[in-house]
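Following: one structure in structure tokens, then a few remarks.
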Amino acid sequence: MKNIKQSWAEPYKIKMVELLKMTTPAQRKKAMQEAGYNTFLLKSEDVYIDLLTDSGTSAMSDRQWAGMMMGDEAYAGSRNFYHLEAVVKEVYGYKYLIPTHQGRGAENILSKILIKKGDIIPGNMYFTTTRLHQELAGGKFEDIIIDEAHDPENEFPFKGNIDLNKLEKLIKKHGANKIPYVSMATSVNMAGGQPISIKNLKELRVLTKKHGIKVIHDMTRVAENAYFIQQKEKGYQNKTIKAIVKEICSLTDGATMSAKKDALVNIGGFLAVNDWDVFEEARNMVVVYEGLHTYGGLAGRDMEAMAIGIGESVSDDHIKARVGQVIYLGEKMMAYNVPIVKPIGGHGIFVDAKKFLPHIKQEQFPAQTLAAEIYLDAGVRTMERGVVSAGRKANGKNYFPKLELVRFTIPRRVYTQAHMDVIAESAARVYERRNTIKGMKMIYEPKYLRFFQAKFEKL
Ligand SMILES: *Cc1c(COP(=O)(O)O)cnc(C)c1O
């Protein structure tokens with residue numbers, strides 16, 4: 001008996017289901033053409049398995065839904081705000097909380113407060129909305145993630161780590177007074193959900209302290225990062241996810257949070273800081289952009305669901321099953337030889353479109369093309385994370401990122417193992433006919449965050 005492995009399984013059971021529409025190939029072809037080959041422009045109704053994003057797509061628990069009924073919808077001083085504030089302090093350890101409607105609301109306020117024109121913001125790989133707010137505030141983002149992160153084949157377990165030499169060079173070149181903070185993300189989204197280690201964070205803390213530079217934590221997927229630390233970092237095997245999450249946060253000065261990911265809600269976010277002066281300014285500014293500082297664009301019920309979701313998100317059983325499902329899908333895809341980013345990250349599988357479609361040049365959008373083909377095959381919706389998402393530089397030229405990926409993002413607590421099988425089989429079928437697939441050209445390009453609304457045509 002001792003050779004039989006113990007599988008992960010869901011630490012919950014299903015008590016309500018949402019019926020899905022099954023589509024024919026002809027229906028999908030029509031839908032994809034109408035959407036300009038951009039999966040963001042598909043109607044959700046036409047999608048069978050929706051892996052566009054893990055943002056706001058989680059299934060809430062019965063406890064969270066019960067919390068929704070306990071909303072205190074007072075304009076000021078809602079009971080739910082004080083509950084959320086207490087949970088953020090208890091679970092993450094940050095002193096002061098400003099709720100916002102979602103993550104980018106917090107990024108906007110924080111960037112406006114901390115960044116002056118001409119400042120440099122080093123970070124472990126860019127994220128779309130984060131970098132845009134840094135740029136709109138007059139800053140310039142500089143990537144200081146380790147080189148391994150740009151290599152989809154490299155199996156280093158902490159590809160979210162910061163290269164401290166790159167940071168030191170930037171400090172030398174520009175001076176510490178030009179660097180208000182380091183923008184540090186846990187579970188680096190654009191690198192494939194890759195974690196940063198505690199060891200690296202501790203070294204970062206020492207270096208930034210020496211130069212009086214803050215560390216601001218994009219903590220959107222901090223619990224998933226903590227899981228990889230527990231599994232892979234020396235000395236952390238017997239620590240709980242909750243303890244690791246708190247330790248990560250303790251090595252930083254403040255955080256922006258999109259609670260639509262880790263924290264298991266459909267809407268919500270916050271800014272949390274330890275510095276009273278920054279808090280004071282943020283509390284003034286949130287009134288302009290989001291709402292009063294005790295609701296920040298959220299209903300009381302949303303804050304209650306978030307407070308409960310945060311508690312559930314740091315449970316060891318939850319996170320083991322959450323990441324376990326992602327790993328199950330990744331291993332299944334590898335068995336079909338589909339090229340994916342390794343090691344498998346926390347929130348989804350990132351397929352390497354450059355390797356999948358080597359005959360399509362980056363100018364012809366291989367990842368965008370592949371996402372469209374995946375949808376056509378079985379109605380699985382994924383998204384591009386490559387040259388379209390990277391956008392244009394200030395001089396108008398395209399960024400050409402090394403990574404050209406299609407993201408299969410897994411919503412939390414939503415799909416079953418049978419769904420994972422269907423997804424992997426669909427990717428494998430498209431891989432079989434990869435040589436027949438042609439690239440695309442862009443026929444409409446919006447000015448900001450173009451990946452959301454751009455349109456394409458088959459070549
Ligand atoms: C989603 C996300 C954001 C932005 O949050 P929104 O809630 O979508 O505004 C910021 N950083 C990372 C890493 C994210 O994944």
Side-chain angles (χ1 to χ4, degrees), residues 40 51-58 98-112 121 123-137 141 143 145 149 159-160 162 181-196 215-226 228 248-249 252 254-272 286 289-291 296-298 302-303 305-306 309-310 313 322 326 345-348 350 382-385 389-391 401 403 405 407-412 448-449 451-453:
F40 276 100
L51 309 184
L52 186 69
T53 172
D54 61 332
S55 180
T57 53
S58 297
I98 304 271
T100 57
H101 76 285
Q102 59 184 82
R104 70 198 71 182
E107 290 169 352
N108 175 38
I109 292 170
L110 182 90
S111 302
K112 282 200 163 74
I121 319 297
N124 52 347
M125 204 171 265
Y126 83 100
F127 182 74
T128 51
T129 58
T130 319
R131 185 178 67 192
L132 182 57
H133 280 299
Q134 291 163 356
E135 287 171 353
L136 290 173
F141 176 84
D143 190 2
I145 202 164
K159 282 162 85 175
I162 285 173
Y181 65 93
V182 171
S183 178
M184 184 280 295
T186 34
S187 292
V188 180
N189 193 346
M190 304 301 274
Q194 302 294 330
I196 184 167
V215 176
I216 299 295
H217 177 196
D218 182 341
M219 64 181 300
T220 296
R221 295 180 185 82
V222 64
E224 288 161 12
N225 196 119
F228 287 110
I248 294 172
C249 296
T252 70
T256 55
M257 173 64 146
S258 170
K260 303 171 70 172
K261 283 65 172 247
D262 244 14
L264 300 165
V265 286
N266 303 122
I267 193 73
F270 59 77
L271 171 64
V286 73
Y289 293 103
E290 304 279 317
L298 296 169
D302 298 327
M303 292 189 283
M306 200 197 307
I310 288 170
S313 78
R322 189 296 185 266
V326 174
H347 66 300
F350 292 68
T382 59
M383 79 146 98
E384 194 259 14
R385 274 297 181 229
S389 293
L403 297 180
L405 308 174
R407 191 177 82 177
F408 292 62
T409 342
I410 313 299
R412 296 164 186 81
Y448 296 115
L449 303 176
F451 58 96
F452 284 130
Q453 285 153 356

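This is a predicted model, so every value here is computed, not measured. Indexing begins at 1, ligand by ligand and atom by atom, following the structure's order. One-based numbering along the sequence shown.
Once rounded to the nearest 0.5 Å, the distance linking CD1 of Ile216 with OG of Ser111 reads 9.5 Å.
Enumerated by chain and number, the residues approaching ligand 1 to less than 4.0 Å through a heavy atom are Gln102, Gly103, Arg104, Glu107, Phe127, Thr129, Thr130, Asn189, Asp218, Thr220, Arg221, Ser258, Lys260, Lys261.
Glu224 and Ser187 share no donor-acceptor pair across their side chains, judged by distance under 3.5 Å alone.
Identified under the salt bridge (Lys or Arg N to Asp or Glu O under 4.0 Å) test for residues 124-134, with sequence neighbours left out: Arg131-Glu135.
Taking His347 as the reference, Asn189 meet the side-chain hydrogen bond (donor to acceptor under 3.5 Å, both in side chains) condition, with sequence neighbours excluded. Considering only residues two or more places apart in sequence or on other chains, Phe451 meets the ring pair (Phe, Tyr, Trp, His ring centres under 6.0 Å) condition with Phe40.
Using a 4.5 Å heavy-atom threshold, the side chains of Ile267 and Gln102 count as touching.
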